[in-house]
Amino acid sequence: MVSDMVRGQTKNIAIQPLGNKSIDAKETILPSHIDLRNGRLNNAGNWEKRPGYDEWRLTNILKPVTLLLPIGNGYAMTSTGRIFDLTSDNQNEIVNNTILSGTDHPQWVKHNDYVIICNGGHPINLIHGGVSYLAGSPPAGARFVVRVGDYTLMSGYKSDVTEFAWCAANNPENWTTGDSGNGNISDSGNAIRNTIAIRDKVYHFHDKGIEVWVYIGGSNVFVRHDGLYINRGIGADYSAIFANDTIYWYGDDHKFYVLNNGSPQVISHIYKNRIESLSNPSEIYGFDLRKEGVIRWLAPTDHICMVYDYINNNWSEDNEWLNGDWSKMRIGSYMELKGEQYFGDTEPTGKIYRWSRDYLNDNGNPIRVYRNMKLIPSSRGNKIRYNRMGFRIKRGVSNSNDSTPEMFWRYKLDEGNWSNYSYLDIGATAGDYDPWLFETNLGVGREIDIEVVHTDAVDDVLTHMNLTMEELGR
């Protein structure tokens, strides 16, 4: 039992989790989270475990799953360009001679009964459970496809990198007659690197900016609106994401942006150093996980998955934990189908996983929920005696997966060596659900770094970290 007669002032240092990878741990003064991983902000503002995943479907092609389509009972496409019906586990490939022959990230759009898919090869059409090449002479080699009203638009083809084209009204298999047509962005020398449509506006991204075209109907159909030009280019083609009724993207200046009332607004100040350290940022791609209110951007070479919570304007990272070390997330494609979340494997497994709060690990591997923070309590730089650390945890969470779950933590003073890990029982024996756990006599120093980790397959929440301390002299 720990005595309540502990000298000093007690403060809750469980500040709102806000990952800040631009902070140098040796330079920070205010309490700051240096690193946050594998968690999310819940409605109470606490850091809790992110969803886990488990295997859901398996194709019969041992290749990465590059596209998931939330149509019917779901479809998957592997890097071979072949498509599978996900109604059951019977590896039901839609077998014919039609495959998507390009090599770029697949993009798709639904236009009436047509589901049109582009990836730099000949566009294909998934309709009524069958697959065929899209007829009507669509642009060969199109990488991007969007829909605006009665029109499907394509862009990003190598034969003319500045051109985009649209089909005849309500006929995605007519690209040559009627009111079909094409246009070119005005910035010569700049290729279209992505195209996103929001209602009547079409946003063409290129190296130096974003050109906006507007649907007006009539004989012109689409016209350029120079007054809406956005003076910020794109640095990674597939980083541009439509989410939260606007556009987010990785810019040409190593920053992430949101389109705010027609202007680019930086959202990545606190992650600046991390982003600038990426070895190949042009490969960044991402997905809107609408059910969670986050975008996950992945940088494959660096094995980094950056998570931007656009509801709370918060950054963190997700990783898998394999063989005692951080590993990459394997999200190569994503869909939300009938209220559930799924992703396709980047590895050559042909697997599709369900992503859910129901799963407390990653397909059998632990989820390492991690937070690292630094505090300098004295504004005068005085030494501090750290008398007690108290953790308030949701306890009584043992289950069939783990009957003795633990949370563990360690600390260091004045940039010294880390202490050994201390283990905190969060399972609780029968009848013992006291949420407070304590450790005393931490030592003396001017600053303290704290690392808190949880990997067991149980549902827990850390709500308070109370540090009791006395300010001493210099």
Side-chain angles (χ1 to χ4, degrees), residues 17-19 36-43 45-57 64-71 74-77 86 105-109 194 196 198 236 238-250 256-259 267-268 271 275 283-300 303-320 327-346 351-363 367-369 459:
L18 185 67
L36 284 169
R37 302 196 190 207
N38 288 334
R40 65 173 190 177
L41 278 174
N42 64 18
N43 292 334
N46 298 314
W47 192 244
E48 67 180 13
K49 179 181 292 187
R50 64 159 170 81
Y53 70 85
D54 201 14
E55 185 177 325
W56 179 62
R57 294 286 188 266
V65 177
T66 56
L67 179 66
L68 293 176
L69 291 169
I71 306 296
Y75 293 88
M77 188 179 78
L86 302 178
H105 286 272
Q107 310 291 298
W108 69 280
V109 71
N194 205 324
I196 290 180
I198 304 179
Y238 296 96
S239 69
I241 304 294
F242 175 70
N244 200 26
D245 203 36
T246 188
I247 303 173
Y248 299 81
W249 74 100
Y250 174 71
F256 282 91
Y257 287 86
V258 61
L259 186 62
I267 58 173
S268 59
Y271 244 61
I275 295 165
E283 68 180 358
I284 292 172
Y285 66 94
F287 304 99
D288 174 27
L289 282 74
R290 187 177 310 170
K291 189 172 181 179
E292 298 174 60
V294 304
I295 295 171
R296 284 185 168 87
W297 276 295
L298 297 102
H303 292 184
I304 290 173
C305 175
M306 296 169 286
V307 185
Y308 178 64
D309 178 342
Y310 50 74
I311 304 300
N312 297 293
N313 190 29
N314 189 21
W315 286 85
S316 62
E317 289 184 33
D318 283 347
N319 295 88
E320 295 199 27
S327 183
K328 68 176 181 178
M329 298 297 295
R330 300 161 61 145
I331 305 174
S333 50
Y334 177 78
M335 71 174 176
E336 295 185 10
L337 175 68
K338 300 178 181 178
E340 300 292 345
Q341 298 172 265
Y342 303 93
F343 73 87
D345 201 337
T346 57
K351 292 181 179 180
I352 299 98
Y353 302 95
R354 179 175 173 242
W355 174 270
S356 173
R357 287 279 295 161
D358 294 342
Y359 303 126
L360 298 172
N361 55 44
D362 287 340
N363 203 32
I367 299 173
R368 187 177 177 87
V369 184
D459 189 14

**OP:** Kindly say whether Thr246 contributes a backbone atom to a donor-acceptor pair with the side chain of Asn244 at under 3.5 angstrom?
**Re:** no
**OP:** Return yes if some donor-acceptor pair links the side-chain N/O of Asp54 with the main-chain N/O of Arg354 below 3.5 Å, else return no.
**Re:** no
**OP:** Examine the side chains of Tyr308 and Asn314 and answer whether a donor and an acceptor come within less than 3.5 Å of each other.
**Re:** no
**OP:** List the atom of Met77, the atom of Pro106, and the distance in Å for their closest heavy-atom pair.
**Re:** CE-CG, 3.3 Å
Original post:
How about Phe343 and Tyr353: are their ring centres within less than 6.0 Å of each other?
Top reply: yes
Original post:
Does the side chain of Glu336 reach to within under 4.5 Å of the side chain of Tyr334, using non-hydrogen atoms?
Top reply: yes
**OP:** Answer whether the closest heavy-atom distance between the side chains of Met306 and Ser268 falls below 4.5 Å.
**Re:** no
Original post:
Got Arg357 and Lys49 here, is their nearest side-chain heavy-atom distance under 4.5 Å?
Top reply: yes
Subject >> Shortest non-hydrogen contact from Met335 toward Gly74 >> reply: CE-CA, 4.3 Å
**OP:** Determine, step by step, whether Ile241 and Trp297 satisfy the side chain to side chain contact (heavy atoms under 4.5 Å, CB included) criterion, reporting the C-alpha distance in whole Å, the side-chain angles of both residues, the deciding distance to 0.1 Å, and the verdict.
**Re:** CA-CA 10 Å; Ile241 304 294; Trp297 276 295; 3.9 Å; yes
**OP:** Of all the heavy-atom pairs spanning Gly52 and Asp362, show the shortest one and how long it is.
**Re:** CA-OD1, 3.5 Å
Subject >> Step-by-step side chain to side chain contact (heavy atoms under 4.5 Å, CB included) determination, Glu320 to Tyr53 >> reply: CA-CA 11 Å; Glu320 295 199 27; Tyr53 70 85; 2.7 Å; yes
**OP:** Enter the distance from Trp47:CH2 to Arg37:CZ here, rounded to the nearest 0.5 Å.
**Re:** 11.5 Å
Subject >> Pair Tyr248, Asp288: side-chain N/O donor-acceptor within cut-off below 3.5 Å >> reply: no
**OP:** Could you tell me which non-hydrogen atom of Tyr285 sits nearest to which non-hydrogen atom of Ile331, and how far apart they are?
**Re:** OH-O, 2.8 Å
Original post:
With a 6.0 Å cut-off on ring centres, are Tyr342 and Trp56 close enough?
Top reply: yes
Original post:
Between Phe287 and Arg296, is a side chain to side chain contact (heavy atoms under 4.5 Å, CB included) present by the stated rule, with each step listed?
Top reply: CA-CA 6 Å; Phe287 304 99; Arg296 284 185 168 87; 5.6 Å; no
Original post:
Taking the six-membered ring for Trp, is the centroid-to-centroid distance between Phe256 and Trp315 below 6.0 Å?
Top reply: yes
Subject >> Val307 and Arg50: CA distance, side-chain angles, deciding distance, side chain to side chain contact (heavy atoms under 4.5 Å, CB included) verdict >> reply: CA-CA 11 Å; Val307 185; Arg50 64 159 170 81; over 6 Å; no
**OP:** Flag the pair Leu298 / Cys305 as yes when at least one side-chain heavy-atom distance between them is below 4.5 Å, and no otherwise.
**Re:** yes
**OP:** Give the minimum heavy-atom separation between Leu36 and Ser316, together with the two atoms involved.
**Re:** O-CB, 3.6 Å
Original post:
Between Trp249 and Ala240, which heavy-atom pair has the shortest distance, and what is it?
Top reply: CB-CA, 3.8 Å
Original post:
Would you say Lys291's side chain and Gly339's backbone share a donor-acceptor pair under 3.5 angstrom?
Top reply: yes
**OP:** Using a 4.5 Å cut-off on heavy atoms from C-beta on, say whether the side chain of Glu317 contacts that of Ile304.
**Re:** yes
